[in-house]
Amino acid sequence: MNNRHLRRIAVTVSAAALLPLALTACSSDSGSSSSDSGADKAASSAPAKETASAAAMDEPFGPGCASVPKEGAGSFAGMAQDPVATAASNNPALSTLVTAVKQAGLVDTLNSAENITVFAPTNDAFAKIPKADLDKLLADKAELTKVLTAHVVGERLTPAQLEKGSFDTLAKTKLTTAGSGEEYTVNDSSKVVCGNVPTANATVYIVDTVLMPAA
């Protein structure tokens with residue numbers, strides 16, 4: 001009886017000694033699982049944020065975009081269906097540019113081009129030019145063509161490419177860009193007021209100053 005009693009005591013003591021170790025192991029596994037779950041959530045949320053940011057930059061941006069019609073041919077959706085000169089003609093803020101393009105005989109040239117980028121000056125941009133100088137420019141087809149084609153690059157440019165860019169224009173001049181996010185400057189003088197606007201054959205960046213090529 002004494003031996004049996006001693007064995008029972010020994011078993012009880014062993015079980016009591018092992019119980020804290022088992023509880024510690026369970027607690028460690030639970031904490032690890034919780035930690036892994038948090039890491040998984042963080043990992044899954046990071047790509048989601050990057051995707052959302054990339055998607056945002058696929059859309060037109062800038063304060064000037066607010067003036068673009070919400071519906072119809074002059075809206076972003078409408079402009080995306082037409083080649084660039086036609087699309088611009090449906091945007092009230094670009095009427096002076098459209099007049100200049102017609103005066104230079106560039107409508108068909110721009111509409112038939114493939115994958116170009118147009119830096120399109122607003123009516124206010126043209127209004128910065130003294131009227132006498134603007135009238136003289138509009139009357140000189142060769143000079144007008146040079147000025148207008150200095151606003152056109154022969155490839156579609158993304159906002160990321162504008163961060164620190166230098167591009168050849170159809171006028172065989174250099175066009176430089178700088179900036180980030182939703183703020184970009186062209187040729188150190190003109191600001192993008194509504195960028196990344198899609199048309200059927202071009203990407204348009206609407207700017208607040210006419211880009212005059214060097215003489």
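Just so we're clear, the structure is a prediction, and the values are computed from it rather than from any experiment. All residue numbers refer to positions in the sequence shown, counting from 1.
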Atom pair CG (Leu148) and NZ (Lys141), whose distance is rounded to the nearest 0.5 Å: 11.5 Å
Hey, mind stepping through Val186 and Phe119 against side chain to side chain contact (heavy atoms under 4.5 Å, CB included) and telling me if it holds? CA-CA 9 Å; Val186 185; Phe119 292 86; 3.9 Å; yes
Reported OG1-to-NZ distance for the pair Thr176 and Lys164, which is rounded to 0.5 angstrom: 11.5 Å
Under 3.5 Å, is there a donor-acceptor pair between the side chain of Thr185 and the main chain of Asp188? no
Between atom NZ of Lys146 and atom NZ of Lys172, what is the distance when rounded to the nearest 0.5 Å? 12.5 Å
Applying disulfide (SG to SG under 2.5 Å) as the test, list every pair that has at least one member in residues 87-160; sequence neighbours left out. none
Ser95 meets the side chain to side chain donor-acceptor pair (under 3.5 Å) criterion, sequence neighbours left out, with Asn123
To the nearest 0.5 Å, tell me how far Leu138 CG sits from Thr99 OG1. 8.0 Å
If hydrophobic clusters are built by linking Ile, Leu, Val, Met, Phe, Trp and Tyr wherever their side-chain heavy atoms come under 4.5 Å apart, do Leu106 and Leu137 end up in the same one? yes
Once you round to the nearest 0.5 Å, how far does OG of Ser189 lie from CG of Leu211? 6.0 Å
Taking side chain to side chain donor-acceptor pair (under 3.5 Å) as the definition, give me every residue that meets it alongside Thr86, ordered by chain and number, with sequence neighbours left out. Asn111
Ignoring hydrogens, what is the shortest heavy-atom contact between Val84 and Ala202? Give both atom names and the distance. CB-CB, 3.8 Å
Identify, with sequence neighbours excluded, every residue that meets salt bridge (charged side-chain N to carboxylate O under 4.0 Å, His left out) alongside Lys174. Asp168
Could you tell me whether Asn115 atom CG has more than 12 heavy atoms of other residues or ligands within 6.0 Å of it? yes
For residues 80-93, which residue pairs qualify under salt bridge (charged side-chain N to carboxylate O under 4.0 Å, His left out), counting only residues two or more places apart or in two chains? none
Ignoring hydrogens and angles, tell me if any N or O in the side chain of Thr173 forms a donor-acceptor pair with the backbone of Thr169 under 3.5 Å. no
Residues two or more places apart in sequence or in another chain: which of them pass side-chain contact (heavy atoms from CB on, under 4.5 Å) with Gln161? Glu155, Leu157, Thr158, Phe167
Closest non-hydrogen atoms of Ala100 and Leu144, given as atom of the first, atom of the second and distance, are O-CD2, 3.4 Å
Shortest non-hydrogen contact between Pro159 and Phe61, atoms and distance: CG-CE2, 3.7 Å
Can you list everything that forms a side-chain contact (heavy atoms from CB on, under 4.5 Å) with Val152? Sequence neighbours excluded, please. Leu110, Ile116, Val118, Leu170
Going by the rule side-chain contact (heavy atoms from CB on, under 4.5 Å), which residues pair with Ala93 if we only count those two or more places apart in sequence or in a different chain? Asn91
Main-chain N/O of Leu162 paired to Thr177 side chain as donor or acceptor, under 3.5 Å: yes
Please list all pairs passing the salt bridge (charged side-chain N to carboxylate O under 4.0 Å, His left out) test where one or both residues lie in residues 117-135, with sequence neighbours left out. Lys131-Asp135
Donor-acceptor contact present, side-chain His151 to main-chain Pro121, <3.5 Å: no
Closest non-hydrogen contact found for Pro83 with Ala200 is N-CB, 3.8 Å
Can you see which heavy atom on Val207 is nearest to which on Ala125, and at what distance? O-CB, 4.0 Å
Looking only at atom types and distance, does a side-chain atom of Asp208 sit under 3.5 Å from a main-chain N or O of Ser190, one as donor and one as acceptor? no
Listed partners of Thr203 passing side-chain contact (heavy atoms from CB on, under 4.5 Å), at least two apart: Thr117, Arg156, Asn196, Tyr205
Could you give the distance from OG1 (Thr96) to CG (Leu94), rounded to the nearest 0.5 Å? 9.0 Å
Residue pairs meeting side chain to side chain donor-acceptor pair (under 3.5 Å), one or both in residues 60-74, sequence neighbours left out, come to none
Return each pair, listed once, that meets disulfide (SG to SG under 2.5 Å) where at least one residue sits in residues 157-195; pairs must be two or more places apart or across chains. Cys65-Cys194
